Amino acid sequence: MTTATSIKTKTYAAKSADKPLELFEIERREPRAGEVLIEILFCGVCHSDIHQARNEWHNTVYPCVPGHEIVGKVTKVGADVTRFKEGDIAAVGCLVDSCRTCSACAEDLEQHCEEGPTFTYNGEDRTTKENTCGGYSQRIVVDEHFVLKVPKNLDLAATAPLLCAGITTYSPIRRFNVTVGQKVGIVGLGGLGHMGVKFAAAMGAHVAVFSRSRSKEADAKRLGAKEVVISTDDAEMQKHAGTFDFILDTVAADHDVNIYLNLLKRGGNMCLVGAPENPLNVAAFSLIFQRHNLAGSLIGGIKETQEMLDFCGEKNIVCDIELITIDQINEAYERVLKSDVKYRFVIDMKSLQ
Ligand code: NAP
Ligand code: ZN
Ligand code: ZN
């Protein structure tokens, strides 16, 4: 029942690691003074949702309502909200709160908040200590600091995955100064990978996609890649030895990173964003002989996420999506695991009314 302080909300949740997602009802609070209530229109399906729903990172609290690629419409604002009003289109990514005062928060790196950021789902609400519930739901309540504005020219469904797949690839591409004339590799052509290709190409780089088969070659080129390298073909890989300025690894499963490190130029950078369950094996020789750098990157802060959305607005960049209804979510998970998605599933949340 809806009370003065809570709003009954339908969601799709995993109740345990080995069960399919199913309809589940939660209560959202009425927005507090600095918060906005957003009716969710679209929510992207990130591979992290699958890792989390299936407890592959060993920290899932059940029931788990995934979803952190959210676009919706503001339907109510708290008394102190200044940046949004009822009727505005708004977006929410992987973060819904942080301490706002530590050195990371002061540098607009809320994802690295020293007290621990509050993730959109499977996080601990800083006030109530309850488990946070994500975007596979009718609505969400978020502090306006963590709510993004969507450029008016962008398609809303195809914008949703920018909130995770977009910022997660944009941030390292900026941090490692990908620019005109560089040779950049993107490992894995999935949700993150296809956005990595678009962003690196938009920065003017010569982009090569590393994929396990030729089946995605035409798509990779359409997305902006100049070439596709089959990562399972040693001879083909060897042709690129010592030539890459930067490689972004988006692979979600166990794999050998040394074969990519060996393709970097002297002093080249490789950045991991994919988050497989098991630790990787890194050979010292893959790093020391040509003083290669191996780094990681976690989503992006709120300021940079807005910068990414504005950049997408200017360049007319959105994600390539397949729109699904919420009852197709379990089938969609199986297809993501088979790399059978072009290139991000987005749930049309009308289907949860
Ligand atoms: P995705 O759509 O499933 O894409 C992953 C791609 O990796 C696949 O399309 C596939 O590309 C490749 N791949 C899959 N299994 C592989 C294997 N066994 N060996 C080699 N390549 C393989 O997933 P996503 O949503 O892009 O997410 C990718 C990873 O990033 C996940 O682990 C996710 O949790 C993580 N992530 C991290 C952050 C962060 O902040 N760091 C944010 C979001 C997501 P090909 O078919 O082309 O080979
Ligand atoms: Zn994600
Ligand atoms: Zn902080």
Side-chain angles (χ1 to χ4, degrees), residues 43-54 56-57 66-70 93-95 97-122 126 134-135 160-172 186-197 209-217 219-220 223 225 228-232 248-257 259-260 271-278 295-301 305 319-322 332-345:
C43 184
V45 179
C46 179
H47 203 119
S48 301
D49 300 353
I50 305 176
H51 290 308
Q52 200 79 72
R54 299 187 176 184
E56 288 169 1
W57 295 334
H68 56 207
E69 295 183 332
I70 299 167
C94 306
L95 301 169
D97 208 354
S98 71
C99 84
R100 327 274 177 98
T101 54
C102 73
S103 68
C105 288
E107 287 177 45
D108 297 307
L109 297 168
E110 298 91 344
Q111 75 274 34
H112 303 300
C113 174
E114 287 161 18
E115 286 187 10
T118 307
F119 290 109
T120 303
Y121 64 82
N122 206 61
R126 301 184 95 78
L162 293 176
L163 276 301
C164 176
I167 184 59
T168 301
T169 49
Y170 179 87
S171 183
I186 306 291
V187 188
L189 195 64
L192 267 57
H194 94 289
M195 290 314 300
V197 172
V209 166
F210 294 100
S211 190
R212 291 165 298 169
S213 79
R214 288 249 165 256
S215 64
K216 297 177 182 172
E217 183 158 13
D219 282 349
L223 295 165
V228 173
V229 183
I230 304 307
S231 51
T232 49
L248 185 65
D249 183 342
T250 76
V251 173
D254 295 343
H255 64 294
D256 182 7
V257 292
I259 62 170
Y260 304 105
C271 182
L272 304 178
V273 286
E277 180 175 4
N278 299 312
S297 191
L298 177 67
I299 46 175
T305 305
C319 305
D320 285 33
I321 64 160
E322 292 188 49
Y333 276 18
E334 293 311 316
R335 284 188 52 198
V336 170
L337 291 171
K338 286 188 243 151
S339 295
D340 174 25
V341 48
K342 295 209 162 41
Y343 278 85
R344 194 59 134 193
F345 288 116

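Everything numeric here is computed off the predicted structure, so don't read it as measured data. In each ligand, atom 1 is the first atom listed, and ligand 1 is the first ligand listed. Numbers here are sequence positions counted from 1.
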Report the C-alpha separation of Arg335 and Glu322 in whole Å, then their side-chain angles, then the decisive distance to 0.1 Å, and conclude whether the salt bridge (Lys or Arg N to Asp or Glu O under 4.0 Å) test is met.
-> CA-CA 12 Å; Arg335 284 188 52 198; Glu322 292 188 49; 3.2 Å; yes

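- No side-chain N or O of Asp49 forms a donor-acceptor pair with one of Tyr333 less than 3.5 Å apart.
- Glu217 and Arg212 are not joined by a salt bridge, as no carboxylate oxygen comes within less than 4.0 angstrom of a charged side-chain nitrogen.
- The closest side-chain donor-acceptor pair between His194 and Asp219, if any, does not fall under 3.5 angstrom.
- Here His68 and Tyr121 bring their ring centres to under 6.0 angstrom of each other.
- With contacts defined as side-chain heavy-atom distances shorter than 4.5 Å, the pair Ile259/Val257 does not qualify.
- Taking 2.8 Å as the threshold, His112 does not count as a candidate ligand of the Zn ion (ligand 3), since none of its N, O or S atoms lies below it.
- Taking all atoms of both residues into account, the shortest heavy-atom contact from Ser98 to Cys105 is OG-SG, 3.2 Å.
- In terms of heavy atoms, Val187 sits closest to Asp249 at CB-CA, 3.9 Å.
- Excluding waters, the set of protein N, O or S atoms lying under 2.8 Å from the Zn ion (ligand 2) comprises Cys46 SG, His68 NE2, Cys164 SG.
- With respect to Arg126 and Glu115, a salt bridge is recorded, a charged nitrogen being found less than 4.0 Å from a carboxylate O.
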Could you go through the side-chain contact (heavy atoms from CB on, under 4.5 Å) check for His112 and Glu107 one step at a time?
-> CA-CA 10 Å; His112 303 300; Glu107 287 177 45; over 6 Å; no

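- Contact residues for ligand 1 (protein heavy atom closer than 4.0 angstrom to any ligand atom): Cys46, His47, Ser48, His51, Trp57, Cys164, Thr168, Gly188, Leu189, Gly190, Gly191, Leu192, Ser211, Arg212, Lys216, Thr250, Val251, Ala252, Ala253, Asp254, Val273, Gly274, Ala275, Ser297, Leu298, Ile299, Val336, Ser339, Arg344.
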